[in-house]
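Heavy-atom basis, side chains included; hydrogens, waters and symmetry copies ignored. Residues take their numbers from the sequence shown, with the count starting at 1.
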Amino acid sequence: MSTPASSQPRVSLPLAYQQDLFEEVCEQDQLVILARGLGLLHIVTSLLHKYDAVGNNLVLLIGADDRENGWLGEALAEHAVRSGATEARGLKIINTEVASVSARAEMYKQGGIFSVTSRILVTDMLTDLMDCPKISGVVVLHSERVIATSTEAFILRIYRQKNQEGFLKAFSDNPEPFTTGFSPLATMMRNLFLRSPSLWPRFHVTVAKSLETKTAEVVELEVAMTDSMREIQTAVLECIETSISELRKSNSSLDLDDWTIDSALHKSFDVVVRRQLDPVWHRISWKTKQIVNDLTVLRRILHCLLTYDCVTFYQYLETILATHAPPPGSTRSSQSPWLFLDAAHTIFTLAKRRVYTGKADLSKKVPGKVPHGLEPTLEELPKWAMLAEVLGEIENDGYFNPAFSQSPRSTLIMCGDESTCRQIREFLQTMHETPLEDLINQDGELEKPSRASAAYMMRRKLRAYFAWKPDFAKLSALLYTGERKNQGQGQGNFGGPVNKIPSNESFRGRGPPPNKRRRVRGGAAAASGPNRQNAGAVQVTEEQSAQVAALLAGVQPTEGEQNLKQEIGADSFENMEDYYEFYEMNDLIVVHPYDGDMDERLLDELRPRYVIMYEPDPSFIRRIEVYRSSHKDREVRVYFLYYGKSVEEQRYLSTIRKEKDSFTKLVREKGPPQSMSVTLTLDAKAVEDPQEAFLRTVNTRIAGGGRVAATAVPPRVIVDIREFRSSLPSLLHGRNVEVVPCTLTVGDYILSPDICVERKSVQDLISSFKDGRLYTQCENMLLYYKNPMVLIEFDQNKSFNLEVCCPYPVSDKTYSYGINRTVQPFADLTGNMGQHDLQAKIVLLTIAFPKVKLIWSSSPYQTAEIFEELKRNQKEPDPLEAIKLGLEPGEEIAGVYNRTPQEVLRSIPGIDPKNIKTIMSEVENLVELSNMEEKDIAALIGDDAGKQVHGFFNRSAFS
């Protein structure tokens, strides 16, 4: 459907680069890569409104998340009202909540703008529920995610095969993925079936000129870190450098150019390292695996150092120590290497010193006071004082500049995450409250507080810390006890009780018996005393319980603190008009976390006069530039806070440099205009040659000199609707196989009337063994098909090995065939293969079902080739017959579309294909099932299954 030129709606885009980009996108199909923060959603909204205002178009939006759907829906409604477009119908969202097939078919016939989840859309296209030739066009968001095996690429391939006239626009504001690999831009455009890229970096001439017409007033404030923070940062960076050097030594055969400290500060570093190590993950040492995990922890410590208060930061370090330090009895070689560095000792010592110093002398204890020799330090973050100073300057600016008194003077404080927002809100509430003892001078007189202080907030956090510490110590001890218990249970015979054989090994970790201890020169106390440390244990100074209790008594809340306003937990809002009123915009201070494109709406609605960037964010700076340039009548002053000579500043500069380098590479790959050549596997304007399609179906493997058989019908595979989460249906479709989506009761893939395949990824295989679902599935396949098969499929980017899939021991019971056993599916990180692992369970499966064939596939690509080989000389399956198999007598055939509640129900222990139908017919929803008594559930599905279901919903999270 084309849009008449006379009915073109008006689109309001205030900046020149937005207008140029919009006109360019409307003229031709292309991939638009825009720098972050330059208003990508505004361009997409204007484009969608252009087709929505006409009223006779069917446009699909794919790749949008829930927040973007909400943003675009509101923006389209506003555009329709402003432009007076009576034919506009807004954005219609089709997700898992829309389950009616007939309702979706009717919505598609009416036309409009649709945002459809990829899994629903691909099945609607394959079953012709959506008439693809009538689609006006497709708009793709987050096009950097469209790889060859993705569902979005599958949708675009179907769309281009059935519709060569509709438009196709793709958008992205993340240039880095387009620069990874060999000729990545051309590869991504081939997946998108596009030929022309459009690059719009921040240094684009039109963009720079548009944003420099009216710039915002920016005040850059460099905040100095405290000496303790600086030393901790240096120590953490030393740990990171040592860890990276160990990685480089152990993996010299890999591409190590990006393995630097600068790269380790970004979250993408974990992805880069893991992507390179995944193919050889089963061959690398335990030490390398541990270091990869440690790098994530160390980068998190750097972030918490600059954002957490000193008490919360020390509390976080204690949780890290509890989870990474060696438990009693372990050796140094099996724990995190960075904990044994001198820098780690510096980190923990200085972090504790920021909270309190000294050692309590209990002999001089004074009731209600801090013990003698033990004094709370409670070091405040330097940004707090700077924030209070900035707010004071803003308040003074309102008095000394009456010209701005008529316009809104609201203040917006932007932070990195919600936890930092809570911290700042609490600081702003208590910064003018000072403990009484801090206001008494040397003469015993009261003084007014000279500056804003976080003393009240820090004392409150210190009390919460000491209340938390005893419970945390109990939990840590419980975890160690449970771990030793699991290790002891893992040594039993398969299917029998654990054999507890006393040996010398049982004394490991506890020292030798008293009568076997060796005398040591210098006194026996050194050899046999109770304070002897285990080999390799991390030594951390811990206060005695009496000292902790004494310190807690010294920081009990005073009368002033008890009268201080607390956070409102809940309010019934009765008589709201008598107690509530609208905020005055002049005095309003909003603390909000960075939220990507959603920040643009926040700026438009709040219209702040002052913006305080508590943490640097390059994309938000550009949003401020766009906001200021788009509204020339609004004055904005921006305060930019950052820690000087810190990883925060380094990460900010590195982010800008990486984006600039990515756009530079894309510009070079694109080359001069009209010079980039992209070879498409399917031409958008040319239909596939019918003769070639016919020749693909020729069977040339008929033996005995028989006649060559040919049929114009392509091979057919019936696929269960739940399998469209994987990439295999897309690969089968790409090999000219007709994919028929259905809701199957038996099997996942039906290759012929006799061949049924149950596909299992490794994680799904583990869960299937845990709840016994795989045994039931094999029974059903044997009942209805001559050649049942179980396909175990691995990830193409990971090693073809079972050990890499689960790096920790798992214990569970299997309730099938009367077998009650404790199992450890995989080897642990130390490399010791347990006797009862996943391979043993697979052997038991083959013994129980000798007719079920096992197929091992290293990737979905190989699986597609295996399916082609299995289908040779086989009859084509009948979809209707495949759906009927496994149904109860008189049961109706289910629809072929999304059944998310059923999938959740299937994952509950005790639910199998036989009793799931009873549950669905007798119980309204999952909430009702979770609240039912065990006897009521047992009355529906039996005692054993009812006990499992009831135990699942009522099990404690700490058990």
Side-chain angles (χ1 to χ4, degrees), residues 8-28 30-50 71-72 75 78-79 82-83 141 169-175 178 196-220 412 414 594 596-609 611 613 616-638 640 652 655-657 659-664 666-667 670 673:
Q8 291 288 344
R10 290 185 178 182
V11 177
S12 176
L13 293 173
L15 301 181
Y17 81 89
Q18 294 176 340
Q19 299 170 6
D20 295 347
L21 175 56
F22 177 76
E23 294 176 358
E24 186 177 318
V25 170
C26 291
E27 290 177 358
Q28 59 177 338
Q30 59 182 1
L31 167 64
V32 177
I33 305 177
L34 189 66
R36 298 185 188 92
L38 294 184
L40 177 64
L41 288 185
H42 283 291
I43 306 296
V44 175
T45 303
S46 301
L47 180 66
L48 294 177
H49 175 65
K50 174 179 180 291
W71 196 99
L72 292 171
E78 293 177 2
H79 277 67
R82 291 176 182 175
S83 62
L141 294 184
K169 323 285 186 183
F171 297 88
S172 175
D173 60 354
N174 188 10
F178 293 93
S196 173
S198 180
L199 308 178
W200 294 83
R202 174 60 179 85
F203 56 83
H204 193 284
V205 176
T206 308
V207 176
K209 186 177 179 180
S210 301
L211 299 182
E212 292 172 0
T213 55
K214 185 69 175 181
T215 58
E217 180 184 358
V218 180
V219 180
E220 186 175 306
L412 176 62
M414 300 299 296
Y594 294 117
D597 292 321
M598 305 301 111
D599 294 335
E600 299 176 12
R601 183 167 294 275
L602 176 66
L603 292 172
D604 290 334
E605 294 179 353
L606 187 61
R607 299 184 181 182
R609 172 66 179 88
V611 177
M613 297 183 63
D617 184 76
S619 59
F620 187 79
I621 294 176
R622 292 169 184 163
R623 290 186 176 92
I624 290 290
E625 293 178 325
V626 174
Y627 170 78
R628 183 65 188 89
S629 302
S630 302
H631 305 87
K632 298 182 180 180
D633 58 331
R634 302 177 187 175
E635 297 293 333
V636 181
R637 179 186 298 175
V638 181
F640 184 79
Y652 168 74
T655 302
I656 297 178
R657 183 175 61 253
E659 185 186 79
K660 183 179 179 181
D661 294 343
S662 298
F663 271 112
T664 303
L666 291 175
V667 170
K670 176 184 176 182

Hey, what's the ring geometry for H631 with Y627, parallel, tilted or perpendicular (30° and 60° as the breaks)?
tilted
Rounded distance [0.5 Å steps], CZ in R637 versus CD1 in I624
14.0 Å
Could you grab the distance from atom CZ of F22 to atom CD of E27, nearest 0.5 Å is fine?
10.5 Å
If you define the side chain from C-beta out and look only at heavy atoms, does anything of V626 sit under 4.5 Å from Q18?
yes
As an exercise, state the distance from OG of S629 to NZ of K209, rounded to the nearest 0.5 Å.
13.5 Å
Decide yes or no for D597 and R623: does some side-chain heavy atom of the first lie under 4.5 Å from some side-chain heavy atom of the second?
yes
With side-chain contact (heavy atoms from CB on, under 4.5 Å) as the test, would you mind laying out the steps for V611 and V636 before giving the verdict?
CA-CA 7 Å; V611 177; V636 181; 4.2 Å; yes
Using a 3.5 Å distance criterion without hydrogens, assess whether the side chain of Y17 forms a donor-acceptor pair with backbone atoms of H204.
no
With rounding to the nearest 0.5 Å, note down the distance linking CZ in R601 to CE in M598.
8.5 Å
Within-4.5 Å side-chain heavy-atom neighbours: V218 and I621
no
Specify the closest pair of heavy atoms between Q19 and P14, including all atoms of both residues, with the distance to one decimal.
NE2-O, 3.8 Å
Where the side chain of E659 meets the backbone of P175, is there a donor-acceptor pair that is under 3.5 Å apart?
no
Test K660 against R657 for side-chain contact (heavy atoms from CB on, under 4.5 Å), laying out the working first.
CA-CA 5 Å; K660 183 179 179 181; R657 183 175 61 253; 5.7 Å; no
Rounded to the nearest 0.5 Å, how far does CG of D599 lie from OG of S619?
7.5 Å
Heavy atoms, side chains only, cut-off 4.5 Å: are R202 and L211 in contact?
yes
Please examine the side chains of L21 and W200, heavy atoms only from C-beta on, and report whether any two atoms are closer than 4.5 Å.
yes
Under the criterion side-chain contact (heavy atoms from CB on, under 4.5 Å), I'd like the reasoning laid out for L47 against V25: C-alpha separation, chi angles, the key distance, then a yes or no.
CA-CA 8 Å; L47 180 66; V25 170; 4.0 Å; yes
Would you indicate whether the side-chain heavy atoms of K169 and C26 approach each other to under 4.5 Å?
no
Give me the atom names and distance for the closest heavy-atom approach of L40 to S172.
CD2-C, 4.0 Å
Closest heavy-atom pair, P197 versus K670, reported as atoms and distance to 0.1 Å, is O-NZ, 3.1 Å
When every non-hydrogen atom of S46 is compared with those of H79, the smallest separation belongs to OG-NE2, 4.2 Å
Checking N174 now: which residues fulfil side chain to side chain donor-acceptor pair (under 3.5 Å) with it, not counting sequence neighbours?
R36
Where do P618 and T655 come nearest, in terms of heavy atoms and distance?
CG-CG2, 4.1 Å
With the side chain counted from C-beta on, respond yes when L666 and I33 share a heavy-atom pair under 4.5 Å apart, and no when they do not.
yes
Shortest non-hydrogen pair, L41 vs T45, comes out as O-OG1, 2.7 Å
Look at the rings of Y652 and F640 and say which category their plane angle falls in: under 30° parallel, 30 to 60° tilted, over 60° perpendicular.
tilted
Check whether the side chains of S83 and H49 place a donor and an acceptor atom closer than 3.5 Å, and report yes or no.
yes
Under 3.5 Å: donor-acceptor pair, side chain of R634, backbone of R628:
no
Less than 4.5 Å apart, side chain to side chain, heavy atoms only: is that true for P201 and V207?
no
Approximate separation, where rounding is to 0.5 Å, of L603 CG and M414 CE:
7.0 Å
Classify the angle between the aromatic ring planes of W71 and H42 as parallel (below 30°), tilted (30 to 60°) or perpendicular (above 60°).
perpendicular
